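See below for the structure under consideration.
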Amino acid sequence: MKLLSLVISLTLGFLLLLATADLPDWGDPQSPASIHVSNYYIENSVEQTSVPNFVTSVLADYRGYDTMFETIVIFCAGITVLTILRRSHRQKKKEVRPRPAREGKDLILISAARIIAPMMQIFALYVVAHGHHSPGGGFQGGVILGSSFILLALAYDLETILKRLKERSVIIMSGIGVAIYMGIGMICLFLGGNFLDYSAWSSVLGVSAVEARSHGMLGVEIGVAVTVMYIMFSLYADLSSGGEMDEGL
Amino acid sequence: MIKEQLPILILAVPLLASFAITLFARKSKIAAFALLVGAMGMSFVFAIGVMRQILDTGRVIHYHIGNWQPPFGIELVIDHLNAMVLVLVSGAAFLTAIYSKNTVPAEVPYRFPGEEVPERVPNYYTLYALLVTGLLGIVATGDAFNMFVLLEISALSSYALLALGGGRAYFATFKYLIVGTIGACFYLLGVGYLYIKTGSLNMPDLKVILTSPALAESPTVMIAFMLIITGIWIKMAFFPLHGWLPNAYTYASTTTSCLVAPLMTKVSVYMMIRLMFSVFSAHYIFDRLGWQNGVVWLAAAAILFGSISALGQTNLKRMLCYIIVAEVGYMVGGVWLANADGLIGATYHILSDAMMTLCLFMAVGAVIYKTGDASLYAMRGIFRKMPVTSVVFVIGALAMIGIPPTCGFFSKWYLVSGAIEARHWGFAVALLISSLINAVIFFRIIEIGYFPLFDEQEGEGGHHAHDRAVIAEAPFSMLLPMVLTALSLIAIGLYSNEIITGLVGRTIPAGLL
Amino acid sequence: MATLPFPEAAPLLAILVSIAAIPLIVLSGSKPNLREFWTFLAGFIKLGLVLSMAGYILAGNTYTYELCKVLPGLSLKLTVDGFGMLFALVASTLWIVTSMYSIGYMRGLDEHAQTRYYSFFALALSATIGVAFSGNLLTMYLFYELLSLSTYPLVTHHQDQEARTGGRKYLTYLLSTSIGLALPAMLVTYALAGTLDFNVHGIFPAETAKSTLVILLIMFLYGFAKAGIMPFHSWLPGAMVAPTPVSALLHAVAVVKVGVFSIGRILTGIFGIDLLSTASLNVIVCVIAGFTVIVSSLIALSQDNLKRRLAFSTVGQLSYIILGIGLASQLGVIGGMSHIAMHAFGKITLFFCAGAIFVATGKKYISEMKGIGRRMPFTMAAFFVGALSVIGLPPGGGLITKLQMASGAMQADLLFVLVIYLVSSLLNAAYFFPIVYNAFFCTEEEAMFDKKVAEAPMLCVLPPVITAAISVGLFFFPGLFVDFARLMVTGL
Amino acid sequence: MEKYIICIGVALLILMLVTLVRVIRGPSTIDRLVGVNVIGTKSTILIIIMGTLLGRVEMYVDIALAYALLNFIASLAAARFFQRHREESVVDAPQRQEGPSC
Amino acid sequence: MLDFIVIVLLSAGILFFFGTINGLLRFPDFYTRMHAAGKGDTLSTVLILLGLALYSFHHPSVQDLLTGYKIIFIAVLIAIASPTATHALMDAGYESGIKPWGGETDSEEEVDK
Amino acid sequence: MNEILTAIIAKYNYWSFLILLLIGLHAMISKNNLVKKVIGMSIFQSAIILFYVSIGYKKGATIPITEHGHGHANEVVHQTAAEMVAGFANPLPHVLMLTAIVVGVGTLGVALALVQKIHRVYGTIEEDEILEKIKE
Amino acid sequence: MYHLLMFILMMLFWILMSGKFDTFHLVLGAISSLIVAWSSTDLLFQDRGKSPAARASEAGRFVLYACWLFWQIVLANFHVIYLSLTPKPIKETLSPHIFNFKTTLKTDFARFVLANSITLTPGTVTIRVSEDIFVVHAITVKAAGDLEGGSISEMERRVAWVFEKREIGGA
Ligand code: NA
Ligand code: NA
C-alpha cells in the first residue's frame with residue numbers, strides 16, 4: 001500500500017510539475033485568471049450591486065447560487081453527523097460512559113468564557129452586518145457566533161449549554177437559516193425575477209434595483225450566519241460527545 | 001411565467017422539501033414521507049415539463065440565476081441530453097421515495113444492536129431530498145465549479161445514507177468518503193488548472209476559450225483534463241478505481257441502495273460526457289490527445305472484471321454492485337469509442353442502466369425486506385411466495401442480460417455497433433462475454449427462486465431467523481414502484497428509437513458524426 | 001393493397017391472441033374446464049387468423065406490418081410470406097392438437113401447477129408465430145429469445161433435480177449461443193449491410209469479403225442452437241425431462257423448428273440462395289449439417305429411453321432440413337422447407353405415442369415395451385405411421401420431401417449429400433423398426449404387459465391418430481405446404 | 001518606520017519558526033500544543049503587521065480579532081480533548097509516579 | 001515621540017518573546033515551560049499590539065482611532081485569554097498525568113542541557 | 001531541460017502547494033490510522049485551497065474591498081477602471097475557496113463522525129486491525 | 001435593568017467597531033445588541049447583588065489593580081529570562097513543585113482574577129481552582145514562598161480590595 005501510494009503520489013506530482021512551466025508567473029496581473037471574469041467583477045461590482053467588498057458581491061450575488069449550496073453543504077454535514085452519531089435519549093441512561101467525568105467545574109475557564117462569549121457574539125453580528133464593507137460576512141460571522149457557544153460548552157459542559165440552545169431548536173434553526181436564503185431567492189420568482197435575482201425586491205423594499213441587491217445580499221448572509229452558527233455548534237456537540245449530548249470535551 | 005422558471009424549480013422543490021421535513025416533520029414519519037414523495041413527484045413533473053419544452057422548441061435552455069449574464073453569473077444549461085437525465089433522476093427518485101414508505105421506518109432506526117432512534121427517519125428523508133437535489137443540480141448546472149459544490153452535496157448526503165446501514169457500513173462508507181474526496185479534489189484541482197489558463201468557470205465560455213490553438217497545445221489544459229476525468233472516474237467507480245463501491249453499497253439499507261446505486265454512478269457518467277464535450281471537445285480529446293484506444297481497453301477490462309467478480313458473489317447486493325462496475329465500463333467504453341454509435345449507446349445506457357439497476361435493487365430489496373437475508377439463498381422459493389417481485393426481478397434480469405425488447409438490448413446494440421465501427425473487437429467481445437456472464441448469474445438466481453425444494457438440502461438453510469413459510473408478497477408501496485420500473489424497462493426499449501432520435505442523438509458533438 | 005381479406009393487424013393479432021389468453025388462463029386457474037376453454041379458443045382464433053392470410057399469400061403476395069421503429073433504419077416488423085405462412089400453419093395447427101393432448105396427459109397424471117403450464121404454453125406459441133412472421137432478423141431474434149425463456153418453465157415443469165439439470169443445460173446452450181454467436185453476427189451483418197430486413201436476394205453488399213461471410217455463416221448456424229446442429233445439440237436430449245406434451249411441442253414444433261426456420265430464414269433471406277451457391281457457402285452448410293445427420297442417427301440407435309431416441313432422431317432430422325435448404329438449389333430449398341411440416345406431423349405423432357405409453361403404463365424404455373402393440377393397438381399404429389413418415393417411406397409425407405431434397409442435391413451438384421440422405425434413411429429405419437416390430441410381433445410369453453393394460457385416455461390417443469392421419473394425408477396431398485415453399489423459390 | 005515594522009515582522013516570524021522546535025520535539029502532545037498556542041497568538045500580530053504594511057489595517061484588524069478568538073477556542077478544545085485522552089497525550093512522556101501533594 | 005514609544009514597545013515585545021521561546025525550549029518539563037509560555041506570550045503580544053495600535057494613530061482620524069481601539073481590544077482579549085489558555089493546558093497536562101520535573105536526571109530534556 | 005527546471009523553481013508558489021498536496025494524498029492512501037487518513041485529507045484539501053488562493057494574487061494589488069473600512073456608507077470611490085483593475089486582487093478564487101473550505105469542514109465532520117462509529121464498532125481505528133476483525 | 005446595561009454596553013461596543021454612523025447600520029447595531037442582551041446578559045452579569053454604581057467603582061479599582069499587575073507581569077518576564085539564560089546548572093536554579101492553598105475570596109470572578117494574576121506573576125502558575133482550593137505550580141522555592149506567605153497574600157489582598165472591598169489580614 002505504501003509503495004502504491006508513493007507511486008500514485010509521485011506520478012501525480014510529476015504530472016503537475018510538468019505543467020508548472022506552462023503556468024503564469026505568480027501574481028502576474030496579465031494572467032488569464034486575473035483579467036477575464038475577475039476584471040468584470042472589480043469594475044462593475046459597486047455600480048451593479050453597491051457593495052464595495054467584491055468578495056461579498058461575488059459570493060452572495062454573482063455566484064450566489066454556489067453560496068446557497070455551500071450553506072446547504074453545511075446544513076447537510078450537520079444533519080449527516082447528527083444522524084450518524086445521535087443515539088436515542090431513552091437508551092442513553094443505560095450506557096456506561098467509557099470516559100471519566102471531569103472533576104467539578106473549571107472556574108477559570110467559566111469566568112473567562114463568560115466575559116469573552118458576549119463580546120464574541122456582538123463582534124460576530126458586526127462581522128455579519130459589515131460583510132459589504134469589510135472582510136466579513138455570513139460564514140465568518142456564523143463561525144464566530146457558533147464558536148462563542150462552543151467556548152461556553154468547553155467551559156461549562158455540553159448539557160448546560162444545551163439548556164440554553166435546545167437540541168431540537170439547533171436543527172430547526174439551521175433549517176431556518178437555509179430557508180431564509182432559499183426563501184429570499186424564491187420570492188424573487190414571485191416578484192417576476194429569476195431565482196436569486198435580488199433586484200426583483202426593489203418594488204417591495206422601495207429602493208433602487210442596485211440597492212435591493214445589496215439588501216438581498218445582507219439577507220442571505222444572515223441566513224448563512226444562522227445556519228453556520230447552529231451547525232458549527234451541532235457538529236461540536238455531536239462529535240465531542242459521540243452523539244450522547246452529555247458532557248462534551 | 002412558471003414555464004420560464006421550470007429549470008430552477010426542478011431542484012428547488014426537493015431542496016425546499018428537505019428544509020420542510022426538518023422544520024415541520026420532525027415528529028411524524030408519515031408527514032416526512034408525504035413531503036418527500038410530494039416533492040419528488042413535483043420535481044418529476046417539472047422535469048418532464050422542461051423536457052417537453054426542449055422537444056417542442058428544439059432549443060437549449062439557458063437559465064441565468066440572479067439574472068447575471070454568463071460567464072459572470074452561474075447559469076443552468078439544459079439541452080436534450082440533460083433534460084433526459086433530469087427526468088431520469090427525478091423519476092427514479094420519485095419511485096424510490098414511494099418505495100421507501102415501509103423500508104425506511106423498518107430499517108433506519110435500528111442500525112446498532114439494541115438501538116432505536118426514531119428521529120433518524122425524518123433526518124433520513126431530509127438527506128434523501130438533499131441527495132436528489134445534488135444530483136439534479138449536477139445535471140442542470142452550466143458551471144464547472146458549481147458542479148463541484150453539488151457533487152459534494154450529493155456525496156455528503158450519500159455518505160450519511162450509506163452509513164446508516166450500520167455495522168460494517170461505517171467502515172465501508174469511511175473508505176468511500178476518503179476515495180470520494182480524492183476524486184472530488186482531483187476534479188477541483190482540474191477546474192483550478194483550467195481556470196488559471198482561461199479565467200473562466202462557465203462551461204460554454206470555457207469551450208470557446210479552449211478552442212484557441214495556444215491552449216490546445218498547453219500541457220496545463222491536458223493535465224486539467226486528466227485530473228477532471230480521473231476525478232470523475234473515481235466517483236463513478238471505473239475500474240481500477242472501483243474498490244470502494246461494492247462494500248459501500250452492499251451494507252447500505254434497502255432504500256439507500258435503491259437510490260444511490262442506480263443514480264450516483266450514472267450521474268458521474270453524465271458528468272464525464274458533459275465535461276468531455278461541453279468543456280473540452282471531441283476534436284481535442286480524440287484527435288489531439290488520442291487516448292481512446294487505451295481507455296476503451298480499460299473499459300473492456302472493467303466489464304470483464306466486474307462481470308467475473310459478480311459471478312463469484314453469494315450476496316445479492318454485492319453481486320449487483322459488481323455488475324454496476326461492469327456497467328460503468330460499458331458507458332465509459334461507449335463514450336471513448338469516439339463515434340456516434342458508441343456515444344449514443346453510452347448515453348442511452350445511462351437511462352436504461354439506471355432503470356434496470358433500480359429495478360433489480362428494488363426487487364432484491366423487497367426480498368431482503370421480507371426474508372431478512374441478502375444471500376442468494378434468500379431467493380429460495382420466492383417465485384411462489386412473491387410472484388410479482390419475482391416477475392419484476394426477472395424483467396430486470398432480462399434487461400441486464402440484454403434480451404429484447406427490454407432496454408438493455410438496445411443499449412448493447414449501439415455499444416457493439418460502435419465497437420464494430422471503431423474496429424475495437426476487444427470491447428465488443430467484452431460486452432458479449434459480460435452479457436453471457438449476466439445470463440449465468442441471473443439464471444442461477446432465477447433457478448434458486450424457481451426450484452423451492454432443492455436448496456433446502458444444498459444451501460445453508462435452517463439458520464435463518466425468518467420462518468420461510470410465512471413469507472408473503474411485499475406491501476403495495478413497494479410493489480407499485482417496482483412494477484412501474486419493470487414496465488419502464490420495456491417501454492424504454494420499445495421507444496428506443498424515439499428516445500435516441502429525439503433526445504440522445506440530438507446532442508452528439510459535431511466531431512463524432 | 002387497397003383491400004385485404006383480413007384485418008390489417010392480422011399478423012400481430014395472430015401473435016398476441018395467445019398472450020391475451022394468458023390473463024384469462026391465470027384468472028380461471030381454479031376452474032380447469034374454463035381455463036382449457038380459453039386455450040382452445042385462442043388456438044382456434046389463431047388458426048383462423050393464420051388461415052385468413054393463407055389465400056392472400058398463396059396468390060403470390062407478401063404482407064408486411066410494421067410495429068414500431070426501435071432503431072434508426074431498423075424496426076420491429078412482421079412480414080407474412082410463403083415460408084412464414086408454412087411454418088405458422090404447422091405451428092398453429094399443432095398447437096390445437098397438442099393442447100388437446102396436454103389436457104389428457106396433464107389431467108391423466110394429475111400434474112401440479114397446470115395454470116402456469118398453460119400460460120407459458122400460450123406464451124411459447126406466441127413467440128413461435130412471432131418467429132414465423134418476423135420481417136427482419138432483429139424481430140426474429142426478439143421472438144427467438146422470448147421462446148427460449150418462455151419454454152424454460154415448461155421444460156423444468158416437474159421442478160425436481162432432474163428438471164433442474166435439464167433446464168440449466170437448456171438455457172445455457174440456447175442463451176449462450178444466441179448471445180455469444182447470433183447477436184454479434186447480427187450486429188456485424190447490420191454494420192455491413194445497414195439493414196436486417198429479409199430479402200430473397202440477400203442483403204450483403206457485393207464487396208463483402210468471403211472470409212467474413214464464412215465466419216458469419218458459421219456464427220449463424222451455431223448461433224441458433226435450437227436447430228440442434230452438433231455439437232450444440234445436447235440440450236435437446238437433456239430437455240426430455242419435460243412432460244411429454246412439452247417434448248412433443250418442443251421437438252416437433254415450437255423450439256427446434258424455430259431454430260431450423262431461423263437458419264432457413266438466414267440462409268434464404270440474409271445470405272440469399274444466389275450468394276450461397278456462387279460463393280460455395282452451401283458446401284460448408286452441407287458438411288456441418290451432414291455430419292450431424294449421420295452422427296445423431298448413430299447415437300439414436302444406441303438409446304434405450306424412447307424419448308431420448310426420438311430426441312436424437314430429431315437432431316438428425318433437423319440437420320436434414322438445414323441440409324436441404326443449405327443446398328441452395330431450388331428443389332433443395334423447397335424440400336427442406338416443406339420437410340419442416342412433414343417432420344413436424346410425423347415426429348409429433350411419435351412423441352404423442354411415447355406419452356400415451358407413459359400415461360398408460362409408466363414405461364419409458366424401449367426394452368420394456370415388448371408386446372405393447374397388443375394392448376395399445378391404436379397408439380402403436382399411429383406410431384408406425386409416424387415412423388414411416390420420418391424415415392421417408394410411403395405412405396408417410398416425409399417421402400415426398402426427402403425425394404425433393406435428394407433431387408436438390410443433384411441439382412446443386414453435391415453428390416456427397418445424396419449419400420448422406422441414403423445412409424441416414426437407412427439408419428432411421430434401423431432405429432424405428434425394431435420398436436414397432438417388438439410392439440406387435442412377439443409371443444404372449446415375451447410380452448411384458450398383462451391384460452389390465454389398456455389404451456391411454458381418449459384425449460391422449462386421439463391426437464396421435466389425427467396427426468398420423470395428417471401425415472398420411474400429406475403423402476397424398478403434399479401441395480399445401482410445398483406450394484408455400486415453392487413461392488419462396490419462384491420469387492427468384 | 002515602515003522598515004522597522006518589517007524588521008519586527010521578520011523577527012517575529014523567525015522566532016515563531018524557532019518555536020516550531022517545541023512543536024516537533026514534544027515530547028508529549030500537550031507540549032506540542034503549548035508551542036502551537038504560542039505560534040497562534042503571534043500569528044494574530046503578524047496579521048495586523050501585514051495590514052499595517054499593506055495600508056489596510058482597518059480590514060486586517062477584524063481578521064486578527066476573529067483569528068485571536070478562534071485560536072483561543074481551538075487551544076481550549078485541544079487541551080480539553082487531551083485531558084480526556086490520557087494515553088494519547090502522554091504517549092512518550094514519563095509517567096507521574098506519585099499523586100499531587102494536595 | 002510617538003514613533004519612539006512605538007519602537008520601544010515593539011522591541012520590548014520582541015525581547016520578551018525571545019525570553020518566552022528561550023524558556024519554552026530550555027526548561028526541563030511541561031510545567032516549567034508553561035511558566036515561560038504563560039507569562040511571556042501574554043506580555044510580548046500585548047506590548048507589540050499596543051505598539052501597533054499607537055502606530056495606527058499616526059494620522060489621527062476617526063477611522064484610525066477606531067482601528068487603534070480595535071487593536072487595543074485584541075490586546076485586552078489576549079490578556080484575558082492567554083493566561084486562561086495556559087491554565088487549561090496546564091490543567092490538561094496535570095490531569096493526564098504528566099509528572100513534574102523534580103531535579104532528577106531521568107528526563108530526556110535533562111540530557112539536552 | 002535546464003530552462004524548464006529554472007521555470008519550475010521560479011514558480012515556487014506552485015511547487016510549494018504541490019508538496020503539501022502530495023503529503024496529503026500519500027497520507028490519505030497509505031496511513032493505517034483512520035484519523036491520520038482524515039488529517040491527510042485535510043492537508044490535501046488545504047493544498048488545493050492554497051493553489052486557488054495563489055491564483056487570486058496579483059502583484060501590487062490589495063484585498064478586493066474598495067472602500068475604507070470606516071468610511072461613510074455611500075462614499076463614492078474616485079478611481080478609474082484601470083486603476084481599480086490593477087489595484088484589487090481577483091475576488092473569485094477567494095469566493096471559490098470559501099466554498100471549498102466549507103465543503104472541507106463538512107467532509108471533515110462526517111469523516112470524524114464515521115471514525116467515532118467505527119471505533120465503537122471495532123474498538124480500534126487502525127485499518128489492519130479492523131480488516132482482521134471483519135474477517136472473523 | 002441588567003439587560004438595559006448590557007444593551008448599552010453592547011451598543012457602545014458596536015459603534016466603536018462599526019465606525020458607520022448612518023441610520024441603517026445603527027439600526028443593525030441596535031438589533032444586534034438586543035439579540036446579545038437577550039441571550040447573554042446572564043453570562044456577563046451573573047452576580048446581580050451589586051448595584052451599577054458598585055460595579056462602576058469596582059471597575060475603577062480594577063484599573064488600578066491592572067496597572068500594578070502589569071508591572072508584576074514585566075517582572076515575571078524578566079524572571080523567566082533570567083531563569084532561562086542563567087549559566088548556572090538547571091538543578092540549582094529550578095526547584096519546581098506543586099502546592100495547594102486555600103483562598104478567602106468569595107466571588108467566582110475575584111477568584112478568576114486571582115488565578116490569572118498568579119499565572120502572570122513571577123514564578124507561579126495556577127493549575128486548577130476547585131472551590132476555594134488553588135492548585136499552584138511554583139518554579140522555585142522562593143516563588144512558592146512568595147505566594148504562600150508573601151506575594152500571594154499581597155495579591156489576594158489587592159484582589160479582595162478590588163472586588164470585595166475589604167481588607168484581608170496579613171502582610
Ligand atoms: Na461560494
Ligand atoms: Na463577505
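Please read these numbers as outputs of a predicted model, since none were measured by experiment. Any value given below was found using the heavy atoms of this structure, including those in side chains, with hydrogens, waters and symmetry copies removed.
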ask   = How far apart are the closest heavy atoms of Gly19(E) and Ser84(G), and which atoms are they?
value = O-OG, 4.3 Å
remark   = Pair count under 4.5 Å, heavy atoms only, with chain E: among Thr119(G), Val125(G), Ile81(G), highest is Val125(G)
key: Toward chain G: residues of residues 3-14 of chain E with heavy atoms under 4.5 Å   = none
task = Determine whether Ile80(E) and Phe112(G) make a side-chain contact, defined as any pair of heavy atoms from C-beta on separated by less than 4.5 Å.
result = yes
query = Nearest heavy-atom pair of Leu120(G) and Pro83(E): which atoms, and what distance?
reply = CD1-CG, 4.0 Å
task = Test side-chain contact (heavy atoms from CB on, under 4.5 Å) on Phe27(E) and Ile139(G) and set out the steps.
result = CA-CA 10 Å; Phe27(E) 282 162; Ile139(G) 200 162; 4.0 Å; yes
key: Heavy-atom side-chain contact between Thr84(E) and Asn116(G) under 4.5 Å   = yes
Pairwise distance CG(Asn22(E)) to CG(Leu83(G)) - rounded to 0.5 angstrom = 10.5 Å
request  = Grab the two heavy atoms, one from His87(E) and one from Thr126(G), that are nearest each other, plus how far apart they are.
outcome  = ND1-O, 3.6 Å
task = Calculate, to the nearest 0.5 Å, the distance between atoms CG and CG belonging to Leu16(G) and Leu65(E) respectively.
result = 10.5 Å
message = Ignoring hydrogens, what is the shortest heavy-atom contact between Asn77(G) and Gly40(E)? Give both atom names and the distance.
response = OD1-CA, 2.8 Å
ask   = Name the one of Phe30(E), Tyr94(E), Tyr31(E) that satisfies ring pair (Phe, Tyr, Trp, His ring centres under 6.0 Å) with His137(G)?
value = Tyr31(E)
ask   = Lys39(E) side chain to Ile73(G) main-chain N or O, any donor-acceptor pair under 3.5 Å?
value = no
Which atom of Val74(G) lies closest to which atom of Leu43(E), heavy atoms considered = CA-CD2, 3.9 Å
request  = Please confirm whether the backbone N or O of Met17(G) pairs with a side-chain atom of Lys70(E), one donor and one acceptor, at under 3.5 Å?
outcome  = yes
query = Would the number of heavy atoms belonging to other residues, nucleotides or ligands and lying under 6.0 Å from CZ of Phe18(E) be above 12?
reply = no
task = To the nearest 0.5 Å, tell me how far Ile127(G) CD1 sits from Thr86(E) OG1.
result = 12.0 Å
